[in-house]
Asker: 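Sharing a structure with you now.
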Protein chains: 2
Amino acid sequence: MALRYAILGYLSTAPGSGYDLSQQLDGGLGWFWSASHSQIYPELRRLESAGLIVGSPMTVGEKLEKRVYSITEDGFAELIAWASQLPIYRPNRDPERLQLIFSDVAGVDEIRRHLLAHREHFERRRDQLRGTLDRMLARRHERIERRLEGRSEAQQQLTLLLRDLAYSGDIERAEHEIAWAQDALARLDEYERGAAAPSGPTRRGSRARPSRAH
Amino acid sequence: MALRYAILGYLSTAPGSGYDLSQQLDGGLGWFWSASHSQIYPELRRLESAGLIVGSPMTVGEKLEKRVYSITEDGFAELIAWASQLPIYRPNRDPERLQLIFSDVAGVDEIRRHLLAHREHFERRRDQLRGTLDRMLARRHERIERRLEGRSEAQQQLTLLLRDLAYSGDIERAEHEIAWAQDALARLDEYERGAAAPSGPTRRGSRARPSRAH
DNA sequence: CCGACCATGTAATATGTTACATGATTGT
DNA sequence: ACAATCATGTAACATATTACATGGTCGG
């Protein structure tokens, strides 16, 4: 269902083509949902035949056809109904954690490489998110500016507040992952140095963490 | 692919039946991966015909048939190969965040309910994870004790370290979500009180947070 | 004897990934 | 002319959810 609403949400800001959507959703750059164009185009057709969006054919240059979709009133109502629902939490699926807990069958070096990759992955993600958030707060994010157009001051503040919460929440998540990986690497070093070091009961990570600059 | 390795990982501790697996993975209670029995049984057959596990039929009581699977050497090698790989990060998909950023079309009350549900969800999750981690550190977690059997002291320490990292990492994630929702609720109240309150540039969440007890 | 749980499957549907396929436009 | 990017689709396959389907065991 989420793809449906990702599309409706996107089009509720301003009309756009399938290609525009796939630019945002393919690879999921800086975004909270992801889909490839092979999923997007059929879904657009389905949304259109359900009357939630309408597409108008345009021509670029001489021959290149594209379809620009707009949300309909029904589509907007559908979006509001969905946004008003309580969130439905799906079962947790975390391939990296799964890999980690069974990495005791691999070597310490492999675990270290894993944790380093983890840190780097979230450093990249944090930087990307920060870039987008900064552009947004500097009021230089085009799509969001479009969304603010023609709305009341209070409405605009709410939109910006929600975006800020979402982006800074994800940035903090990424920072948490970086700090976690850092700590994990330290604990792994400790393990390797002393093997059975202080032998006391293993402290919970949340407690045993000396270097949380937070 | 992950289901395959969740099963191999589980069976690398001790043999088990499809039902045992679905107890762990159905609904994903306290676990990092989730699957329903309708996925598990066919996958077990596939793993068996690939020679990675072997099933032996057992009879409970008079007639009830069950198949208890054990990992083979090939299966173990496959698990090690997988665990040694670098993690592959899939595109981010977060339906709750998606809902939140488009909730400016809904009302403030709906957003508040959403955030309250978010907090409660992660409070429950944190408590469940804590329960499991505490049992594990108290050395009362049966399955993990099974995994430690017959391994060297150093090996045991590594297993426990990895589990501790995974569980406490997830507990901290949950705590972060709770704190985030708490802060978001406060900011929403602030928004509602003043509507366009101090009008200064919105501070980034990570900075504007007064109550991080961390 | 009955309800909770053990135990295993299939089918239909929905969602997501990778590959295959085609052609136009724009800037260098 | 050539490469990068714009633009839209289909097909095959993999993965995940929900519903349908069946029967046994164990304890009260």
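The chains referred to below are lettered A, B, ... by the order of the sequence lines, with proteins before strands, and numbering in each begins at 1.
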Asker: Quick one: salt bridge (charged side-chain N to carboxylate O under 4.0 Å, His left out) partners of A:Arg124, sequence neighbours excluded?
Answerer: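 Expected list: none.
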Asker: Which listed nucleotide (D:dT8, D:dA19, C:dT26) is nearest to the side chain of B:His37?
Answerer: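 Nucleotide nearest to B:His37's side chain: D:dA19.
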Asker: Whole-Å distance between C:dT8 C1' and B:Met58 CE?
Answerer: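 Rounding to the nearest Å, CE of B:Met58 and C1' of C:dT8 are 15 Å apart.
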Asker: Select one nucleotide: of D:dT25, D:dT8, C:dG16, the one nearest the side-chain heavy atoms of B:Lys63.
Answerer: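 The nucleotide sitting nearest to the side chain is D:dT25.
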Asker: Let me know the distance between CD1 of A:Ile88 and P of C:dT15, rounded to the nearest Å.
Answerer: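 Whole-Å distance recorded here is 12 Å.
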Asker: When the nearest nucleotide of DNA chain C is assigned to A:Glu62 and to B:Tyr19 on a heavy-atom basis, which residue is associated with the more 5' position?
Answerer: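 Nearest-nucleotide comparison on DNA chain C picks B:Tyr19.
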Asker: With a cut-off of less than 4.0 Å, is there a side-chain N or O of A:Arg93 near OP1 or OP2 of D:dT17?
Answerer: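 So the side chain of A:Arg93 is within the cut-off, an N or O lying under 4.0 Å from OP1 or OP2 of D:dT17.
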Asker: With a 3.5 Å cut-off and no angle check, do the side chains of A:Tyr19 and A:His37 form a donor-acceptor pair?
Answerer: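 Distance-only check fails for A:Tyr19 and A:His37.
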Asker: Which nucleotide wins on minimum distance to the side chain of B:Leu64, given the candidates C:dT17, C:dA7, D:dT17?
Answerer: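 Looking only at side-chain atoms, B:Leu64 lies closest to C:dA7.
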Asker: With respect to the phosphate group of D:dC6, does any side-chain polar atom (N or O) of A:Gln23 fall under 4.0 Å of OP1 or OP2?
Answerer: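 A:Gln23 to D:dC6 OP1/OP2: side-chain N or O found under 4.0 Å.
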Asker: Please work out if A:Arg90 contacts a base, only the sugar-phosphate, or nothing of the nucleic acid, heavy-atom cut-off 4.0 Å.
Answerer: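 It contacts nothing in the nucleic acid.
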Asker: Which residue lies toward the 5' end of DNA chain C, B:Ser22 or A:Ser36, if each is placed at its nearest nucleotide?
Answerer: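 In this pair, the answer is B:Ser22.
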Asker: Hey, is the main chain of B:Leu165 close enough, under 3.5 Å, to the side chain of A:Trp180 for a donor-acceptor pair?
Answerer: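 It does hold such a pair.
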Asker: May I ask you to say what A:Ser38 touches in the nucleic acid, namely base, sugar-phosphate or nothing, with a heavy-atom cut-off under 4.0 Å?
Answerer: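 Base contact.
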Asker: Name the closest nucleotide to the B:Gln39 side chain, picking from D:dT8, D:dT15, C:dT8.
Answerer: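 When the side chain of B:Gln39 is considered, D:dT15 is the closest of D:dT8, D:dT15, C:dT8.
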Asker: Between D:dT18, C:dG16, C:dA19, spot the one nearest the side chain of A:Trp33, thanks.
Answerer: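 Nearest to the side chain of A:Trp33 among the choices is C:dG16.
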Asker: Measure the distance from CD on B:Glu43 to C1' on C:dT8 and round it to the nearest whole Å.
Answerer: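 To the nearest whole Å, that distance equals 16 Å.
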Asker: Would you find a donor on one side and an acceptor on the other, under 3.5 Å apart, between the side chain of A:Glu48 and the backbone of A:Gly55?
Answerer: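 Such a contact is found between A:Glu48 side chain and A:Gly55 backbone.
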Asker: Taking side chain to side chain donor-acceptor pair (under 3.5 Å) as the cut-off, I'd like each qualifying pair that reaches into residues 96-108 of chain B, sequence neighbours left out, listed once.
Answerer: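 For residues 96-108 of chain B: A:Arg147-B:Asp104, A:Thr159-B:Asp104, A:Asp170-B:Arg97.
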Asker: In terms of side-chain heavy atoms of B:Pro42, which of C:dA7, C:dT10, D:dT17 is nearest?
Answerer: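 The answer is C:dT10.
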